[in-house]
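A short worksheet on the structure shown next.
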Amino acid sequence: MRLEKCWFCSSTIYPGHGIQFVRNDAKIFRFCRSKCHKNFKMKRNPRKVKWTKAYRRLAKKDMTQDKTFEFERKRNRPERYDRNVAENTLKAIKTIDKVRVAREAQYHAMRMKKNKSKEQKEAMKELEQSIHLVKAPTAFQQEPSLTLPKIKVKVSQPQAEESHMEE
């Protein structure tokens, strides 16, 4: 079973699926779905379309350099079948897959670490603005520790507007 890659979005194309386009110079383009084919016909650049693998790699949203990706490359050299080699290869594929998943999770956690402090600040600000929705007013009277410290804010009132209002 031969699995191809979509030319536009780099997703896997299974046998019997997708569209094939052959240009005049005999270059073959394979597309996983009509969405990719239509974007190709509109001459869109996959590196500028946000949902493609090329964009995600270019914008550093996905891992690009990892030793585990070398095992996915296509090899066109025929090799003599050896049962022991095939068995060891299948075992290695499982361990490589586990390593890849762990590294992707670590990469994702590293990227999300930056957002954690920002999200906490936003949550505190939202809590300060709507603390009255969280606790009932009687709870504030019973436990004064639940109230937030009061901040003095100076508000200047323009007097010119008041004189216009009287007229």
Side-chain angles (χ1 to χ4, degrees), residues 1 3-14 17-19 29-75 88-162 164-165:
M1 183 166 83
L3 301 178
E4 304 288 344
K5 291 280 183 191
C6 176
W7 185 88
F8 197 79
C9 71
S10 304
S11 64
T12 309
I13 306 171
Y14 290 93
H17 293 262
I19 303 163
F29 299 94
R30 290 179 177 87
F31 305 103
C32 59
R33 53 186 179 246
S34 61
K35 179 181 182 181
C36 297
H37 188 220
K38 288 173 184 174
N39 277 292
F40 174 78
K41 286 195 290 187
M42 286 191 280
K43 298 185 178 180
R44 288 201 175 138
N45 188 348
R47 287 172 287 181
K48 292 183 179 178
V49 180
K50 293 195 175 191
W51 51 269
T52 62
K53 199 78 163 166
Y55 172 84
R56 292 189 63 77
R57 284 186 177 153
L58 195 68
K60 303 220 181 341
K61 307 249 180 226
D62 278 346
M63 286 177 35
T64 54
Q65 295 175 349
D66 194 22
K67 295 285 184 188
T68 57
F69 292 131
E70 288 182 23
F71 295 103
E72 268 187 28
R73 283 195 316 212
K74 196 194 304 186
R75 291 168 181 83
N88 291 339
T89 304
L90 290 174
K91 287 180 184 175
I93 287 172
K94 290 177 184 175
T95 57
I96 289 166
D97 198 37
K98 287 179 185 176
V99 167
R100 180 183 298 125
V101 168
R103 286 183 183 171
E104 284 178 355
Q106 182 182 6
Y107 181 78
H108 184 265
M110 188 179 70
R111 282 191 61 232
M112 293 298 127
K113 194 181 235 183
K114 297 173 189 172
N115 293 342
K116 200 169 192 174
S117 63
K118 183 180 175 185
E119 287 176 0
Q120 285 178 342
K121 287 178 185 175
E122 289 175 359
M124 284 298 296
K125 186 176 181 182
E126 185 177 353
L127 185 63
E128 286 174 4
Q129 291 174 350
S130 56
I131 190 73
H132 64 280
L133 298 174
V134 178
K135 290 284 185 180
T138 55
F140 287 126
Q141 292 171 356
Q142 292 171 357
E143 290 185 46
S145 64
L146 293 174
T147 59
L148 294 170
K150 301 203 179 201
I151 302 168
K152 292 183 180 180
V153 179
K154 291 184 180 180
V155 179
S156 60
Q157 296 178 350
Q159 294 177 357
E161 291 180 10
E162 290 179 10
H164 292 294
M165 298 290 272

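Fair warning: this is a prediction, and the values are worked out from it, not measured in the lab.
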Problem - Heavy-atom closest contact (Lys5 atom, Ser10 atom, distance) - result: CD-O, 3.6 Å
Fill in the blank from the handout: Value for CD1 (Ile19) from CZ (Arg30), rounded to nearest 0.5 Å, stands at 13.0 Å
Problem - For the student: nearest non-hydrogen atoms of Cys6 and Cys9, plus distance - result: SG-N, 3.5 Å
Exercise for the section: Applying ring-ring contact (aromatic ring centres under 6.0 Å, His included) between Phe8 and each of Phe31, Phe29, Tyr55, Trp51, report the one that passes. Expected result: Trp51
Exercise for the section: Kindly compute the distance separating CD (Glu128) from NZ (Lys125), expressed to the nearest 0.5 Å. Expected result: 9.0 Å
Exercise for the section: Evaluate whether atom CZ of Arg111 has more than 12 neighbouring non-hydrogen atoms of other residues, nucleotides or ligands under 6.0 angstrom away. Expected result: yes
Handout entry: Within 6.0 Å of CD in Gln106, more than 12 heavy atoms from elsewhere
Key = no
Handout entry: salt bridge (Lys or Arg N to Asp or Glu O under 4.0 Å) against Lys91, all qualifying residues, sequence neighbours excluded
Key = Glu87
Problem - Pairwise distance CD(Glu104) to OH(Tyr107) - rounded to 0.5 angstrom - result: 10.5 Å
Problem - Heavy-atom neighbours of Met124 CE exceed 12 at 6.0 Å - result: no
Practice task
Find the distance between OG1 (Thr89) and CD1 (Ile96) and round it off to the nearest 0.5 Å.
Solution key: 9.0 Å
Exercise for the section: Measure the NZ-OG1 distance between Lys35 and Thr52 for me, rounded to the nearest 0.5 Å. Expected result: 10.0 Å
Practice task
Show your reasoning for whether side chain to side chain contact (heavy atoms under 4.5 Å, CB included) applies to Met112 and Lys116.
Solution key: CA-CA 7 Å; Met112 293 298 127; Lys116 200 169 192 174; over 6 Å; no
Practice task
Enter the distance from His108:NE2 to Lys61:NZ here, rounded to the nearest 0.5 Å.
Solution key: 10.5 Å
Exercise for the section: Decide, yes or no, whether a salt bridge links Lys94 with Asp97 under the criterion of side-chain N to carboxylate O below 4.0 Å. Expected result: no
